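Take a look at the structure below.
First listed ligand is number 1; within each ligand, the first listed atom is number 1. Predicted, not measured: the structure shown is a model, and the values here were computed from it.
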Amino acid sequence: MDIKSEFQNKPSSYWLDSSKATRYRELGKDLQVDVAIIGGGIAGISSAYLLCKAGARVAVLEADRILQGTTGHTTAKITCQHALIYAKLKKEQGGELAKQYAEANEKGLHMIAQIAADNNIKCDFSWQPAYIYTSQEKYVKEIEDEVVAAQSLGIEADFVEAIKLPIIIEAGLKFPNQAQFHPLKFLQALAQEIVKNEGLIFENTEAVQIVDNQVVITRRGNRIKASEIIIASHYPFFDGGAMFFSRIYQDRTYILGLTTEEKFPDGYYISAEAPTRSLRSQPYGKNQELILIAGERHKSGQGGDTNTYYQNLLDFAHQTFKVKDLLHRWSTQDCMTLDGIPYIGNLTSRSPNIYVATGFGKWGMSTGMASAMIISDMILQGRSPYAEVFNPSRITPGAIKSFLIQNLDVAKNFVQGKAGSLPAEVDIEAGEAALIKADKDRIGVYKDEKGKVYMVDTTCTHLGCELNWNQAEKSWDCPCHGSRFSFTGEILAGPAVEPLKSLGEGKNRVEARILK
Ligand code: FES
């Protein structure tokens, strides 16, 4: 089965396709609130919910529609099992901080369960065992070490010799009592609760600046004065001197949604070895189930032919199951930190009333809710018992090495993007893109299915790296810090806050150059 013939249309997430679109109004005036929250993903919406419930006057400002970003493109496993992490965490950070990490994520998981139960939210929530498995002997010791480390931190963890999937394994481990859900059903209900509790949600309201540590400025020029500000915009839109561009990189992952002849067993699964294979099921239609298969990875903007990743997942699906229908495919983008632990807490020591929640890696459901709990405790009670391990200003030994690797990679991509020759002319098929050079400009040309051509300046508006084309998602992606832009130049993902310069549109490339 070939992925290109299976999917003619743009990828789209099952979670978004199976939810009603939200319609919160755009902010059109100045405002004063207790807490301004920038970003309407799981961290922002959950923070708003907890703070509203505690009586704070809260406003959520979302640049697009809420829940459309990484939250709408997750696998939606809610777990403190974040692949093989605890043995490493204990070794690098010590037992106390590793325990903080585990407990915060466990609490995030149980908080989602409690909120769903308290508000009678029908979000396909179910308790599930979470498994890590390996089919390679060299990972057996790592699995054994992980079980020992997890148990020493108070996590219930068991070594297993087999799993119920049709995959032959060498070893596995099981965390019982983890969970999964439909994230949009849960979070859209939470958004309604926020409004019921007199919280404010504004969509199409892009925050572009923070001044004097207490005023958020929107693209339209409105000013939101707030005693506390939470930046939950995935990649922080405002840096405040925290230098996130040197401490966060972005990674892309791919997901298929398909039906199979076989019934999926209980639990969800992830491989210890690369390429990652992550599997879960999801109730679908009337008495059906959708099998989600996620995996593959590359740094944003460095993926080459991105359809390959979908194809690899599809090949794995056929090797493992009798596939009936391939119904959905989508990809996601995650912020990764240097030591693998999210940045949650005060943005910097100079801005004690500005908080940030980012860098959830690929585990944003438990850590998204945990970040809401930690930051709302810091605001309401002045402290959180989990502040130290997630402190955004920390410098850990693992982070220093990773800092050098990541920033050398940025430098290499910056230089490579400027070097090399490009053709002055190119023939492209409908649905494809290419780079050309005209005068000194590097121009990205995309031809849509009707033959209309769109040209943009492909120099990233963040820090000037040159963008690469992402064929599967039809976007221009930055290999340095992961900003993404549509073929018309609109921002799809930060850190960039300015769109690409459009160089014209036309019926063919020559005409488009004349338009320029
Ligand atoms: Fe930083 Fe493009 S995202 S230069």
Side-chain angles (χ1 to χ4, degrees), residues 38-39 41 63-64 69-70 73 206-209 219 231-253 297-304 306 331-338 343 347 356 358-361 392 399 402-420 422 433 435 440-444 446 454-503:
I38 294 110
D64 187 4
T70 301
H73 293 80
E206 186 186 1
V208 293
Q209 185 56 278
R219 173 94 44 206
I231 300 172
S233 55
H234 187 62
Y235 201 112
F237 84 103
F238 174 82
D239 196 273
M243 308 263 288
F244 284 123
F245 64 87
S246 66
R247 300 197 289 130
I248 292 175
Y249 64 95
Q250 300 201 69
D251 234 29
R252 295 194 66 72
T253 308
R297 67 151 295 274
H298 59 83
K299 276 182 83 172
S300 303
Q302 300 185 19
T306 43
S331 64
T332 190
Q333 178 145 313
D334 291 288
C335 285
M336 316 296 287
T337 65
L338 297 175
Y343 300 137
L347 181 68
V356 67
T358 186
F360 299 159
S402 180
F403 177 89
L404 293 172
I405 293 169
Q406 295 307 332
N407 287 287
L408 273 173
D409 183 62
V410 169
K412 184 185 90 184
N413 276 286
F414 183 89
V415 172
Q416 275 179 356
K418 307 289 176 194
L422 290 172
L435 289 163
K440 286 187 182 151
D441 292 332
R442 193 176 184 267
I443 300 173
Y446 171 70
Y454 300 81
M455 303 206 312
V456 291
D457 179 338
T458 55
T459 300
C460 181
T461 56
H462 178 226
L463 293 176
C465 287
E466 296 299 335
L467 307 175
N468 292 321
W469 179 245
N470 178 340
Q471 177 63 28
E473 319 297 327
K474 309 264 190 266
S475 59
W476 293 105
D477 297 357
C478 183
C480 289
H481 312 104
S483 290
R484 298 181 60 232
F485 303 86
S486 70
F487 57 78
T488 55
E490 292 153 7
I491 298 169
L492 301 175
V497 292
E498 294 298 329
L500 298 179
K501 190 162 106 191
S502 171
L503 297 175

Problem set entry | Whether Cys480 has an N, O or S atom under 2.8 Å from atom 2 (Fe) of ligand 1 | no
For this session: Give the intermediate values and the outcome of side-chain contact (heavy atoms from CB on, under 4.5 Å) for residues Gln250 and His234.
Result: CA-CA 10 Å; Gln250 300 201 69; His234 187 62; 3.3 Å; yes
For this session: Assess the cysteine pair Cys480 / Cys460: is their SG-SG separation shorter than 2.5 Å?
Result: no
Exercise. Can we call the ring centroids of Tyr446 and Trp476 under 6.0 Å apart?
Worked result: no
Problem set entry | Name, closest N/O/S atom of His462 to atom 1 (Fe) of ligand 1 | ND1
For this session: Considering the heavy atoms of Cys478, write down every atom of ligand 1 situated less than 4.0 Å from one of them.
Result: 2 (Fe), 3 (S), 4 (S)
For this session: For Cys465, take its heavy atoms, then give the atoms of ligand 1 lying under 4.0 Å from any of them.
Result: 4 (S)
Exercise. Are any non-hydrogen side-chain atoms of Ser300 and Arg252 less than 4.5 angstrom apart?
Worked result: yes
For this session: Confirm or rule out an N/O/S atom of His481, from backbone or side chain, lying less than 2.8 Å from atom 1 (Fe) of ligand 1.
Result: yes
Problem set entry | Any donor-acceptor N/O pair, Gln471 side chain to Thr306 backbone, under 3.5 Å | no
Problem set entry | Side chain, backbone, both or neither: Ser483 near ligand 1, heavy atoms under 4.0 Å | both
For this session: Just need the protein heavy atom nearest to atom 4 (S) of ligand 1, so name the residue and atom and give the distance.
Result: Leu463 N, 3.2 Å
For this session: Have a look at Asp251 and tell me which of Gln302, Gln333, Arg297 forms a side chain to side chain donor-acceptor pair (under 3.5 Å) with it.
Result: Arg297
